[in-house]
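Input: a single structure, listed below in structure tokens.
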Amino acid sequence: MRNLNKVGLKELIEIKTIVIAIVLVLVLFAACGEAEREPTAQELALKAAEESYEALYSGHVETFLNTRAGADSFDADYRQMLLAAYTSHALQVNTVHHGMDSIRGTRAVMDSTLNLMQTFLTLYFADGTTEEIVVPMVKQGDSWMLK
């Protein structure tokens with residue numbers, strides 16, 4: 001039997017190779033675990049709905065209108081009517097609830113029958129009241145738009 005203290009050069013190289021391979025595998029596993037995942041369709045639709053309503057309640061009514069599907073094809077009169085209605089609504093919220101504190105998307109559900117994403121937003125008003133609204137979203141190209 002061979003003496004364990006007399007390990008040959010060949011055996012040392014083999015052990016070193018195995019240790020390096022194990023370390024590389026562990027590093028690869030760690031790197032894969034830290035990689036960012038792509039957001040889901042639900043997350044993207046929720047983010048778009050949140051941003052649209054944040055624009056509305058922060059006074060950017062035209063931006064809110066432009067997040068509607070097909071807004072670029074609205075005629076001027078219809079566009080002005082919508083802008084007036086959205087402005088009136090935002091002013092009412094500011095008057096009744098003293099403004100908006102925050103908006104949070106709570107969930108999103110794909111409706112394959114209607115081919116849209118139903119997003120649920122919770123509106124937190126400055127006076128402490130909350131309201132949940134359902135915002136239908138449709139995918140246009142790479143963007144989610146208000147239905």
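A quick note: this is a predicted structure, and the numbers were derived from the prediction, not measured. Count residues from 1 along the sequence.
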> What residues form a side-chain contact (heavy atoms from CB on, under 4.5 Å) with S88, not counting sequence neighbours?
Replying inline: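 Checked S88 against side-chain contact (heavy atoms from CB on, under 4.5 Å); zero matches.
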Sequence neighbours left out, cut at 3.5 Å: what donor-acceptor pairs do the side chains of residues 139-147 make with other protein atoms?
none

Is [X] linked to [Y] within one hydrophobic cluster, defined over Ile, Leu, Val, Met, Phe, Trp and Tyr using a side-chain heavy-atom separation of less than 4.5 Å?
X   : Y    : answer
V96 : M100 : no
F74 : V138 : no
V61 : L91  : no

In residues 108-124, what donor-acceptor pairs under 3.5 Å come from side-chain atoms, sequence neighbours left out?
from : atom 1 : to   : atom 2 : distance (Å)
D111 : OD1    : T113 : N      : 3.1
D111 : OD1    : L114 : N      : 3.1
T119 : OG1    : V135 : O      : 2.6

> Rounded to the nearest 0.5 Å, what separation is found between the CG atom of L56 and the OG1 atom of T87?
Replying inline: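 Going from the CG atom of L56 to the OG1 atom of T87 covers 8.0 Å.
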> Measuring from S58:OG to E51:CD, what's the distance to the nearest 0.5 Å?
Replying inline: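 The OG atom of S58 sits 11.0 Å away from the CD atom of E51.
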>> Could you check whether any side-chain N or O of T129 sits under 3.5 Å from a backbone N or O of F125, counting only pairs where one atom can act as donor and the other as acceptor?
In response: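 The answer is no, because no donor-acceptor pair under 3.5 Å joins these two groups.
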> What do the steps show when you test R104 against L46 for side chain to side chain contact (heavy atoms under 4.5 Å, CB included), and what is the final call?
Replying inline: CA-CA 9 Å; R104 292 199 184 96; L46 271 175; over 6 Å; no
> Got more than 12 heavy atoms from elsewhere within 6.0 Å of CD, E38?
Replying inline: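 It does not: E38 CD has 12 such atoms or fewer within range.
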>> I'd like to check M81 versus Y86 (side-chain heavy atoms, cut-off strictly below 4.5 Å). Are they in contact?
In response: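 M81 vs Y86: side chains apart.
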>> Give me the atom names and distance for the closest heavy-atom approach of S52 to T67.
In response: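 Closest approach of S52 to T67, heavy atoms only: OG-OG1, 3.0 Å.
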> In terms of the angle between their ring planes, are Y57 and Y53 parallel, tilted or perpendicular, with boundaries placed at 30° and 60°?
Replying inline: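 If you compare the ring of Y57 with that of Y53, the planes turn out tilted.
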> If you measure from the Lys or Arg side-chain nitrogens to the Asp or Glu carboxylate oxygens, is any gap between E62 and R79 under 4.0 Å?
Replying inline: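 Yes, this pair counts.
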> Does one side chain, of D127 or H98, offer a donor that lies under 3.5 Å from an acceptor on the other?
Replying inline: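 Result is no, nothing qualifies.
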>> With salt bridge (Lys or Arg N to Asp or Glu O under 4.0 Å) as the criterion, how do E43 and K47 come out once you've worked through the C-alpha distance, each side chain's angles and the decisive distance to 0.1 Å?
In response: CA-CA 6 Å; E43 291 168 336; K47 185 175 188 297; over 6 Å; no
